[in-house]
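Single-structure report; data block below.
Order of the sequence lines sets the chain letters (A, B, ...), proteins ahead of strands, with each chain counted from 1. Note that the structure is predicted; figures quoted are calculated from it, not measured. The figures here come from the full heavy-atom set of this structure, side chains too, leaving out hydrogens, waters and symmetry mates.
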There are 2 protein chains.
Amino acid sequence: MSETVYPLAGHTPQRKGLRDSVYELILNMLMTSDIAPGTRLSIDVIARDLKVSPTPVREALVQLERTGLVTREALKGYRVAPPIHSGQLEALFDARLVLECGATELAAGHAADVVPELDATLEKQRELGEKVRRAFAAGGPAPVDLLREYFAVDWQFHHLIFEGTRNPFLLDMSEDISIRVHRMRQTVNAGVTDAPDAVIEHGLILDALRNGDGDAAAAAMRDHIEKVRERARHDTAAR
Amino acid sequence: MSETVYPLAGHTPQRKGLRDSVYELILNMLMTSDIAPGTRLSIDVIARDLKVSPTPVREALVQLERTGLVTREALKGYRVAPPIHSGQLEALFDARLVLECGATELAAGHAADVVPELDATLEKQRELGEKVRRAFAAGGPAPVDLLREYFAVDWQFHHLIFEGTRNPFLLDMSEDISIRVHRMRQTVNAGVTDAPDAVIEHGLILDALRNGDGDAAAAAMRDHIEKVRERARHDTAAR
DNA sequence: TCTCCCAATATCCTATAGGAAAGATGTTTG
DNA sequence: CAAACATCTTTCCTATAGGATATTGGGAGA
């Protein structure tokens with residue numbers, strides 16, 4: 001047709017505007033650096049720091065409020081949300097049981113598509129878990145970057161199951177839960193030494209999915225989450 | 001003490017800022033009036049109509065985008081979200097099955113608190129359902145206000161169960177589902193003639209909860225949602 | 001008659017300024 | 001010395017203006 005060739009095939013500029021950039025920046029800031037709950041999140045200050053106008057910051061904070069990471073009091077501004085206390089912790093696990101067991105059963109319907117990805121993820125988790133174990137055995141300081149990577153892979157296993165349901169509504173809800181689980185990790189700050197257990201339990205879920213047995217997979221997921229809950233209880237009690 | 005008397009006891013000014021007012025106004029507008037999908041929601045136009053500045057309108061739209069009622073394309077503005085098509089309809093019912101069956105089982109743990117409220121709601125639904133039936137038997141025009149009221153009570157039954165879980169996370173998710181179910185009603189636009197069925201099925205759920213039998217209650221809820229799904233399928237097929 | 005290009009309009013996005021409320025600090029008074 | 005008041009600062013909330021971008025319509029050329 002024309003003599004101009006387009007070398008930007010998949011490179012859609014992904015026009016997302018400033019709002020989403022600011023959102024991701026603040027989200028990352030809240031997730032990574034351990035910022036004290038109750039800290040004020042001043043719109044103007046953030047806008048100055050990021051060299052943007054307050055408007056996109058406002059929009060990003062509205063979006064963040066919906067996730068529960070920040071709280072807002074009218075005419076008083078935004079603050080970092082308080083951590084998850086023990087009562088909410090039990091409720092969070094209950095919600096996870098409801099959502100994830102149901103999702104696992106649904107994902108079993110598309111097992112053929114899901115199993116390969118889960119396999120790769122579990123293998124990566126096994127490697128990282130071993131690294132974590134060795135790092136702790138060496139007794140050195142907590143390798144935060146390594147832990148962050150491990151937790152990411154751990155959650156990716158659960159996330160892939162949600163994707164496996166091919167259900168956009170459940171996927172949306174998994175996003176909400178994901179952030180809350182991450183926040184829980186900040187308060188419980190354990191779930192580290194149990195890496196071998198988690199790998200084994202994930203393996204049981206994966207085996208059931210490989211067999212296409214939805215009920216067994218859901219049961220394995222229930223078992224896994226209950227065990228994580230038990231370990232979390234132990235951590236909070238010991239704290 | 002002082003001679004000034006304060007006659008504004010419960011009249012807390014309810015400081016919520018313009019943002020929430022605008023949000024509720026737009027939400028109501030979208031829920032009630034059947035506005036065509038794809039309609040542009042111009043920030044400036046809405047701001048002019050509501051006699052406020054564009055900023056609170058922007059915030060309200062960000063919040064609405066998160067609910068799925070409106071879509072946003074960067075630099076192109078907001079639009080009314082497209083309706084739920086049949087593929088999403090099946091997925092929506094799957095998600096409801098996962099969420100509501102799990103919630104019912106959890107709510108059985110607080111049956112004593114929940115049953116009275118459910119009883120009152122079901123009684124109201126029975127009355128309204130009868131009114132609806134008579135209105136349709138008379139063959140007159142569709143009594144939209146009456147239908148709106150009936151649907152509200154119908155959903156309140158489900159909502160009370162979510163509240164009965166005493167689980168803030170599940171309650172949050174029920175809000176998301178609620179809006180989507182409402183939107184589904186706009187596309188399926190039936191679920192009217194089945195009022196007697198719905199009342200009966202709700203009654204079965206309530207009976208199981210009264211007995212404190214969580215498993216039976218969850219099974220009754222599953223049965224109910226599956227039947228609603230079947231009726232919705234029938235509607236879309238007939239359309 | 002169809003296609004392509006260009007300009008005009010409407011809208012979104014960003015930036016800046018002013019009014020209002022909440023919290024903090026210093027002062028005054030019992 | 002303590003408590004209450006006044007004032008000040010900070011921040012949020014709202015409003016308005018300007019630059020950038022997408023859509024629409026018309027006109028020229030093939």
Side-chain angles (χ1 to χ4, degrees), chain A residues 1-6 8 11-26 29-30 35-66 69-82, chain B residues 1-4 6 8 11-26 29 35-66 69-82:
Chain A
M1 301 293 177
S2 87
E3 53 273 31
T4 62
V5 182
Y6 296 92
L8 23 80
H11 266 260
T12 48
Q14 198 61 11
R15 322 187 41 78
K16 24 178 217 174
L18 273 188
R19 193 192 91 187
D20 302 273
S21 307
V22 173
Y23 172 78
E24 289 179 13
L25 279 172
I26 300 180
M29 191 260 287
L30 289 177
I35 191 160
T39 304
R40 298 199 52 165
L41 292 175
S42 167
I43 295 175
D44 292 344
V45 171
I46 295 175
R48 273 199 300 273
D49 288 352
L50 269 56
K51 302 271 197 296
V52 296
S53 78
T55 306
V57 177
R58 293 183 74 83
E59 298 186 351
L61 285 175
V62 172
Q63 219 171 344
L64 281 169
E65 183 193 2
R66 192 74 185 62
L69 276 171
V70 306
T71 62
R72 163 179 170 274
E73 217 167 334
L75 305 180
K76 289 184 62 178
Y78 291 90
R79 290 177 178 279
V80 177
Chain B
M1 290 300 168
S2 88
E3 54 271 29
T4 62
Y6 295 92
L8 22 79
H11 266 258
T12 48
Q14 196 63 9
R15 318 188 43 76
K16 31 177 211 174
L18 274 187
R19 193 191 92 187
D20 301 274
S21 307
V22 173
Y23 173 78
E24 290 179 14
L25 279 172
I26 299 180
M29 191 260 287
I35 191 160
T39 304
R40 298 200 53 163
L41 292 175
S42 166
I43 295 175
D44 292 344
V45 172
I46 295 175
R48 273 198 300 273
D49 288 351
L50 270 54
K51 302 272 194 293
V52 297
S53 79
T55 306
V57 177
R58 293 182 74 83
E59 298 186 355
L61 285 174
V62 172
Q63 217 171 345
L64 281 169
E65 183 193 4
R66 194 73 185 66
L69 276 171
V70 307
T71 62
R72 164 179 170 273
E73 219 168 334
L75 306 181
K76 289 183 63 176
Y78 291 90
R79 290 177 178 279
V80 177

ask   = Between C:dC12, D:dT16, D:dC13, which nucleotide has the shortest distance from any of its atoms to the side chain of A:Ile43?
value = D:dC13
remark   = By nearest-nucleotide position on DNA chain C, the 5'-leaning member of B:Arg48 and B:Thr55 is B:Arg48
message = From CZ of A:Arg40 over to C1' of C:dG23, roughly how many Å is that when rounded to an integer?
response = 9 Å
ask   = In whole angstrom, what separates B:Glu59's CD from C:dC13's P?
value = 14 Å
ask   = Hey, does B:Leu41 reach any base, or is it just sugar-phosphate, or nothing, if we go heavy atoms under 4.0 Å?
value = sugar-phosphate
Earlier contact from the 5' end, DNA chain C, for B:Lys76 and A:Ser53 = B:Lys76
note = Winner on side-chain proximity to A:Arg58, out of D:dT14, D:dT11, D:dT16, is D:dT14
Taking every non-hydrogen atom, the tightest pair across B:Arg58 and B:Ile43 = NH1-CD1, 3.4 Å
request  = Identify which nucleotide among C:dA15, C:dC12, D:dC12 has an atom closest to any side-chain atom of A:Asp44, counting heavy atoms from C-beta outward.
outcome  = D:dC12
note = Taken to the nearest whole Å, OH/A:Tyr78 to C1'/D:dT11 is 13 Å
message = To the closest 0.5 Å, what do you measure between CG (B:Leu41) and CG (B:Leu64)?
response = 8.5 Å
inquiry  = Counting the atoms with a prime plus P, OP1 and OP2 as sugar-phosphate, which does A:Ile46 contact under 4.0 Å by heavy atoms, base, sugar-phosphate, or nothing?
reply    = nothing
SB check A:Arg19 B:Glu65 (cutoff 4.0 Å) = yes
key: Heavy-atom closest pair, residues A:Ala60 and A:Val22   = CB-CG1, 3.8 Å
inquiry  = Can you measure B:Lys51 atom NZ to D:dT14 atom P for me and round it to whole angstrom units?
reply    = 17 Å
request  = Starting at atom CZ of B:Arg72, determine the distance to atom P of C:dC12, rounded to an integer number of angstrom.
outcome  = 11 Å
